[in-house]
Every structure is written in structure tokens, then in C-alpha cells.
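What you see is a predicted model, and the numbers here were worked out from it, not measured in a lab. Reminder, nothing fancy here: chain letters follow the sequence lines and each chain counts from 1.
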Amino acid sequence: MPDRQNILFKTLADPTRRALFERLCRDGEQTVVALTALAGVSQPAVSKHLAVLKAAGLVVDRPEGRLTHYSARRSALAPLVDWTSRMAGFWESRFDKLENLLARMDQ
Amino acid sequence: MSTSDIRTVVVEREIAHPPEKLWRALTRPHLIAEWLMANDFLPDVGHRFQLRGEWGGVLDCEVLEVEPGETLSYTWNHASADAAFNLESVVTFTLTPVGKGTLLRMEQTGFRPEQKQAFGGARMGWQQFFGKLEQLLERLD
């Protein structure tokens, strides 16, 4: 298995890290403080998990003053997700756009 | 290459517009650009064109079949230095009139031998994880 996939698997194998990543995917950018509030572990522990997620390319951070905002990089998951599921999702979203276009077109 | 390396995706949708109109959206470059990607498509068998994604990716395509109002097929290939992202596939759109609308069927058949190699061992133990991951992705967007 290529190194990058190994790293992704190892990183997301931890339930706390996976929950943090899912939360960032779902709710968008968050600070460590906001993430800690719901993580059920200490802030240093959350920071440590975020560092691991960042090293794996799964999250990016954006410092702003004293706060650091984290957001998910969903594209990092690409090597893990089954091709057929990904393409089906791609086409479904494109068909949405197509219907939208058709509604705007003249007969 | 064995048949198990071949993967097919089928997406069908009933669209409340007639086939002729849908055909225009599938074959006119400025309309294709609005729902799919920027392109230099022409509805001529053998025509080679590119689809350019917003993410900077480029797909190399060649028109394989054109049956106006019924069938459109082209190759959908993506060359990548990273073998895991290499893709050779064929996309076929089939239009079937249904009442005043159209049943649009998209079938994409492709193979990625590297993916099989990369995931063969991992799949078994990680099935549950993939399931979760897919559920997560489904909830997004």
C-alpha cells in the first residue's frame, strides 16, 4: 500500500481524530476551542490530534491573531474512496447543474 | 486485465425536458461548460477534445458515438503522474423519451488497475471504515 494511503488509514483509524475530521467536514472551519467543546478530550489532546490530521494533509490551519482556525481538506480523501462512489456523486451533482441549466434554456 | 478490474457507474435521472433540448445541453460547448466543464467539444465521431475542471485537472476525450437525441459517447481519460489517479474510461449518455420528459442515463465504464493493487489488501479490514466514509461524503454537499 502506498505511503500516503497508509498515513490516511492510520490517521483516521483513531475515533477521536475521525470525529474531529468529520465535524470539520460537516460544519466548516472551527477553532481549537470550539472543537474541544464537543470533543470530550482536553484542549492539548485536541491540538495534538489536529497536528496529526494536518501532517496527513486532512486539515489545514489558518492562524488569525491568537486563534488558529482549522478546516477539512476533503480532497485528501480521494485515494481512499471507491472510484464508483466518487464518480456517482460527481455525476449526481452535475445532473443537478444540468437540470438547473435546462430550466433556464429556451425550448 | 480481468473483468474484475472494470468498474461501471450508472446514474439515471428523469428530466422534465424533451430529448431535443437535453441533447443541446449535452452537445453545445457553451452549454456543456455550464453544467459539466469548460471544453472544446464537437459532436463529430473521432473529434478529440478536453474537459477542464475548475480544480485544474484536464480530461482527454474522444467522441465515440453520436446519435442525435439518443446516444452520445466519449472517452474520459485522465493521465496523472500519480498512478492512483490515472483513469481511462468511457462515458455514454442515453436519452429515452418518457412522457413529455426524458430519462437520462449516464454510464461510465473504466478501469484503474493500480487502484485494485493499492486497495486489494486494505479493503477487507477497512470495509466498515469505507462505509462510514461514504456515508459522510453522502451527507456533504
**OP:** Check whether A:L98 gets within reach of chain B through its side chain, its backbone, both or neither, counting any heavy atom under 4.5 Å.
**Re:**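 For A:L98, the contact with chain B is made by backbone and side chain together.
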Subject >> Segment of A:N100 engaging chain B (4.5 angstrom heavy-atom cut-off) >> reply: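 Looking at A:N100, nothing touches chain B.
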Original post:
Given that the side chain runs from C-beta out, which part of B:V91 has a heavy atom under 4.5 Å from chain A: side chain, backbone, both or neither?
Top reply: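 Only the side chain of B:V91 comes within 4.5 Å of chain A.
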Original post:
Side chain, backbone, both or neither: which part of B:I32 has a heavy atom under 4.5 Å from chain A?
Top reply: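 For B:I32, neither part sits under 4.5 Å from chain A.
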Electrostatic pair [X]-[Y], nearest N-O below 4.0 angstrom:
X: B:R105; Y: B:E107; value: yes
X: B:R48; Y: B:D60; value: no
X: A:R62; Y: A:E29; value: yes

**OP:** Determine the interplanar angle of the B:Y74 and B:F49 rings, folded into 0 to 90°, and report it as parallel if under 30°, tilted if 30 to 60°, perpendicular if over 60°.
**Re:**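 The arrangement is perpendicular - the two ring planes meet at more than 60°.
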